[in-house]
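Residue numbering restarts at 1 for every chain, and letters A, B, ... go by the order of the sequence lines. What you are looking at is a predicted structure, and each value in this text was computed from that prediction instead of being measured.
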There are 2 protein chains.
Amino acid sequence: MILRSALRIIDADGVQSLSMRKLAADLGVNPMSIYHHVANKAALLDGVTRLVTDGARHIEVSGGTWQEQLRQLAYEFRTLSLAHSNLIRHAFSVDDVIQRDGPMWRTLCAVLRGAGLPEPEVERTGAVLAVLVGGLLHTEVNGTMRRLIGEGEADDTGFSLAVDLLIDGVAARV
Amino acid sequence: MILRSALRIIDADGVQSLSMRKLAADLGVNPMSIYHHVANKAALLDGVTRLVTDGARHIEVSGGTWQEQLRQLAYEFRTLSLAHSNLIRHAFSVDDVIQRDGPMWRTLCAVLRGAGLPEPEVERTGAVLAVLVGGLLHTEVNGTMRRLIGEGEADDTGFSLAVDLLIDGVAARV
DNA sequence: ACCTGAACACCGTTCAAGT
DNA sequence: ACCTGAACACCGTTCAAGT
């Protein structure tokens, strides 16, 4: 309940304006009571991040070429990020979004394996793609993308172009 | 002098621990005096970011294939980012690093043009590459890269692999 | 086991008063 | 023009005292 309330405040006003005291007020509780359930503010933010990323535990890529599967996976990650952009913006800046061996990670490696990438390169290429797409989403969530590309285009124009380019890059080594 | 002193504190202890009061102490000055030279803390951080990014105004790519030039440019950006990683980490999170029509941007577009990319795609592809590399550097500066790839490898292994993949992606459309 | 009030050591910022 | 002390409205966190 604490985490959900914190997430509500973050979604509404940003991480910047979440304080233990405001959170307590939102919960109708004494500010100090919170410290009996969460160690400190950093742990609170960590908990909220896990709440959100665990919410996307079930990731499925239906059939299609490996290119379509990669694209689908990237958009899945994007949907997750944009649903709570204020939180994700913070989580990226403290390194807390991409979980190695998480469901996203496993699916990614499976798709790369299916694409015919030689086994010793699967994990490394997976990691590279994960940070590239993660970083890409960070630029979308912090406004850089909109500033550089967004001029009157569809919201996902930049993201889509970038994913195309990454897929071509992977294609060059299968 | 204010900006340089702020940068010193940020390099040493991170943006987190820069306060107007600490900065004043470092300068041997009354905390309130600073407000006569800078509007507020956000403006201060913005000024420090400009101080650093303007320091890299002269970007040259010597001859070689366009692939080598792109790689060289990417590493130039990386050097700039890692030289003040605490600051850049913050600047990325508020969207303040990549300057459209900055020297980096112009060089990037020139290289893409030289690679033979059709003119209408030069700017768009340039923007996509800029956010991809920017986001990539953010993951390096915040530790994600090290966590996912760094295990005993050279420091720039992940970055190098990612740049290879991006170059292959560009190659697919020239 | 959980709650709470008071307190500590900080913040950014405003503003009237000084030189 | 620049500086400064006091003050305001906040922070996160600790801790002894309560139930």
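- Taking every side-chain heavy atom of Arg21(B) into account, dA7(D) is the closest of dA7(D), dT14(D), dC3(D).
- Between His37(B) atom NE2 and dT13(C) atom P the separation is 17 Å, expressed in whole Å.
- Across the protein-nucleic acid pair, Ile34(A) atom CD1 and dG5(C) atom P stand 14 Å apart, rounded to whole Å.
- With hydrogens and angles disregarded, no donor-acceptor distance shorter than 3.5 Å links the side chain of Asn142(A) to the backbone of Val94(B).
- Nucleotide dC3(D) holds its C1' atom 11 Å from the CE atom of Met32(B), rounded to whole Å.
- Residues Phe92(B) and Phe92(A) keep their aromatic ring centres 6.0 Å or farther apart.
- Base pairing annotation: dT13(C) forms a Watson-Crick or G-U wobble pair with dA7(D), both donor-acceptor distances under 3.5 Å.
- Side-chain atoms of His36(B) and base atoms of dC3(D) include a donor and an acceptor less than 3.5 Å apart.
- Between Arg173(A) and Glu121(A), no side-chain nitrogen of the basic residue sits less than 4.0 Å from a carboxylate oxygen of the acidic one, so the salt-bridge criterion is not met.
- Taking atom CD1 of residue Ile2(A) and atom P of nucleotide dC2(C), one finds them 11 Å apart after rounding to whole Å.
- Taking atom CG of residue Leu45(A) and atom P of nucleotide dT13(D), one finds them 10 Å apart after rounding to whole Å.
- In this structure, the nucleotide among dG12(C), dG12(D), dG5(C) sitting nearest to the side chain of Asn30(A) is dG5(C).
- For Arg50(A) and Asp46(A), the salt-bridge test passes: some basic side-chain N is under 4.0 Å from an acidic carboxylate O.
- Both distances falling under 3.5 Å, in either a Watson-Crick or a G-U wobble arrangement, place dC2(C) opposite dG18(D).
- The phosphate of dT4(C) (OP1 or OP2) has a side-chain N or O of Ser33(A) nearer than 4.0 angstrom.
- Between dG12(D), dC2(C), dC11(C), one nucleotide has an atom nearer to the side chain of Lys22(B) than all others, and that is dC11(C).
- As a whole-Å value, the separation of Leu44(A) CG from dT13(D) C1' is 14 Å.
- Regarding Tyr35(B), its OH atom lies at a distance of 13 Å from the C1' atom of dC15(C), rounded to whole Å.
- Residue Ser19(B) is classed as a sugar-phosphate contact, given heavy-atom separations below 4.0 Å to backbone atoms only.
- Distance alone, capped at 3.5 Å, places no donor-acceptor pair between the Lys41(A) side chain and the Met20(A) backbone.
- The interatomic distance linking Met20(A) (CE) with dT14(D) (P) rounds to 10 Å, in whole Å.
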